[in-house]
Structures are given as C-alpha cells and as structure tokens.
Protein chains: 2
Amino acid sequence: MLRKTKQRSIIMDILRETRNHPTAEEIYLKARLYMPKISLSTVYRTLRSLVEEGKILEIKVFGENHARYDYPLEQHQHFYCRKCKELIDLYGDFYYPNNIPHKVEEIRTIFIGVCKDCLKEENDEKV
Amino acid sequence: MLRKTKQRSIIMDILRETRNHPTAEEIYLKARLYMPKISLSTVYRTLRSLVEEGKILEIKVFGENHARYDYPLEQHQHFYCRKCKELIDLYGDFYYPNNIPHKVEEIRTIFIGVCKDCLKEENDEKV
DNA sequence: ATGGTTGCAAATGATTTGCAGAAGC
DNA sequence: GCTTCTGCAAATCATTTGCAACCAT
C-alpha cells in the first residue's frame, strides 16, 4: 500500500508547477528549498514509483544522458530544440496509420529541430 | 579526417546485417567474433561518431537504460513491445500537423504496447 | 612522419540499492 | 506494531576519457 509522505507530496507539487520537464537533479534542488534534508535517492525512488503508477511521464532524449519528467495535463507531444536543448510541449491533432498489427497503448512523437526563438536568433546574427 | 579502420568496418557490417536494433554491448560481443581484441570503448567511440555523421540512429527507450542503434534503410518509425522488449520497425505513411511554429528537421514516433506475437500468446493462455 | 584511432584501465555521471532508523496506517 | 519510506553511503551500470602504443594516409 502506498503511503502519503511529505517528500512525495513535495515532489508532486513541484512536478505540477514546473512546466518545463525537469530532470531528477532539478527536482531535487527545488525540493530542498521546502525540505533541506530530502535525499536525491528519495527523489529518484519517488519519481520511479510515480512513473510506474502512470501519474507522470519519463522522457529520454537522444544525446542527453539524464531522464526528464513530465506531469501531463492533457495529451500532447514534444518538440526538442537541439540548440537551446529545450523540450517544448506541442498540442494539436496527430494522425497515425491505423493498420499497425500490434496493440498500441501509447504513442510518443518527438519532433527535433530548431525552435522559433533560436531560429530568430540565427537570422538576426546573419544581418 | 576520418580513417578507414578494420574495427569501424566490422561495426558498420554488424549494423547493416543486424535488423533488430542492437545495444552497444551486443555489437561488441558480435564484433569480438571477427576481432577478439576489439575493445568496448572502441565500439562506443565508433557508434558515437557514426551517430554524429548521421549514418546511424541512436534510440533510447524509457525504462531501458542503454541505447540501441539502428541502421535505417528507409524512413520508418518504431513499435516497442513492453512484454518482449522488442523494438519493431514500422513502415507506412505518417501524417503530422504542419502548423508547428519551429523548424522541424526530424520526427521520431514510437508506438508502445503489446506486439502481435505477445498478444497471441496472451490469448492462447486464456483458453 | 603525422595525426587520427585503438586498447586498456581508470573516471565519470546517472541511477539504484542495502541498511538502520523514522514515520504512516 | 507492523510495514513502508527515508537518508546516507556505497554499489552498479552504461558510457566516456587519458594515455601510450598503433596504424592509416
């Protein structure tokens, strides 16, 4: 049976507030502001159990060696900017082929490229 | 300037032949059959440079802690079976929204669920 | 000959685990 | 009171790196 602890609720709160896909380390640093003695392993353990419960999403980006965590408010996909390393939420309709011969339970799409802000910077530099 | 070495071509050959997305460790074990003294770090170094050159793809699946490598013959997406942990290629047309305000260079979709073989097994068990 | 490449061992970085004490139920 | 959860430190796992020898150009 899962127990309600202070550290678990702090971590959930941080995930709910933080809209930019934090890493375990980042969550740990924020959590310490509320509870200075919280340990990194508790953060990892809690994140893992939240993922297993299906309450949050674990996202791994190629090239990055750490996982990021996402508290999803509604169905969305992600855009990863290879310049600023930002992981941006994308909402909208996605159409996938329906002739897949397997039982599809979840679809994750990640778009990779350069985000509009970095693109703007690139163009400004050229002037 | 990139040099043509025995280890690099062995690794490329293995990737070309192996159609099931091997890990670095698996590639290393196969490579040793051709070249017993090849080192794991050479395998990692070579894979990294191939990824950087864009010749192969690095794929990270949530839950798995190691990367897999894919030598893509043609544009395709992946299906990951959470039962047998197989990563299966999917060919076909995918439609994505075209109103994304960023510069999209690459799209990666991964479908997660239970593959048709595992599904069959599940059903057989129920009988 | 020169400089990229390798093998080895040691280092790193992210994440996990063993254990004894603390805290939920 | 029993059991899960935590903090700490040590362990693990995948991957990277320093370095001297090696080999392709």
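Below, chain A is the first sequence line, B the second, and so on; all start at residue 1.
Remark: the B:Arg3 side chain and the D:dT25 base include no donor-acceptor N/O pair separated by less than 3.5 Å.
The shortest non-hydrogen separation linking A:Ala24 to A:Leu40 is O-CD1, 4.4 Å.
As a whole-Å value, the separation of B:Glu64 CD from D:dC13 P is 15 Å. Straight-line distance from the CG atom of A:Leu2 to the P atom of C:dA23: 19 Å, rounded to whole Å. Atom NZ in A:Lys4 sits about 18 Å away from atom C1' in D:dT6, given to the nearest Å. In this structure, the CZ atom of A:Arg32 is 17 Å from the P atom of D:dT6, given to the nearest Å. For the pair B:Ile59 CD1 and D:dA14 P, the computed distance is 18 Å after rounding to whole Å.
A donor-acceptor contact under 3.5 angstrom links the side chains of B:Arg32 and B:Tyr28, judged on distance only.
Aromatic ring pairs are classed by plane angle as parallel below 30°, tilted from 30° to 60° and perpendicular above 60°; the pair B:His21 and B:His78 is perpendicular.
Put simply, CD1 on B:Ile59 and CD on B:Glu64 are 10.5 Å apart, with the number rounded to the nearest 0.5 Å. Here the SG-NZ distance, from B:Cys118 to A:Lys103, works out to 11.0 Å after rounding to the nearest 0.5 Å.
For the pair B:Lys120 and B:Asp117, the salt-bridge criterion is not met [side-chain N within less than 4.0 Å of a carboxylate O].
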Check: Could you write nucleotides 6-15 of chain C as a row of B, S and -, 5' to 3', where a protein heavy atom under 4.0 Å of any base atom gives B, of only sugar-phosphate atoms gives S, and otherwise -?
Finding: BBBB----SB

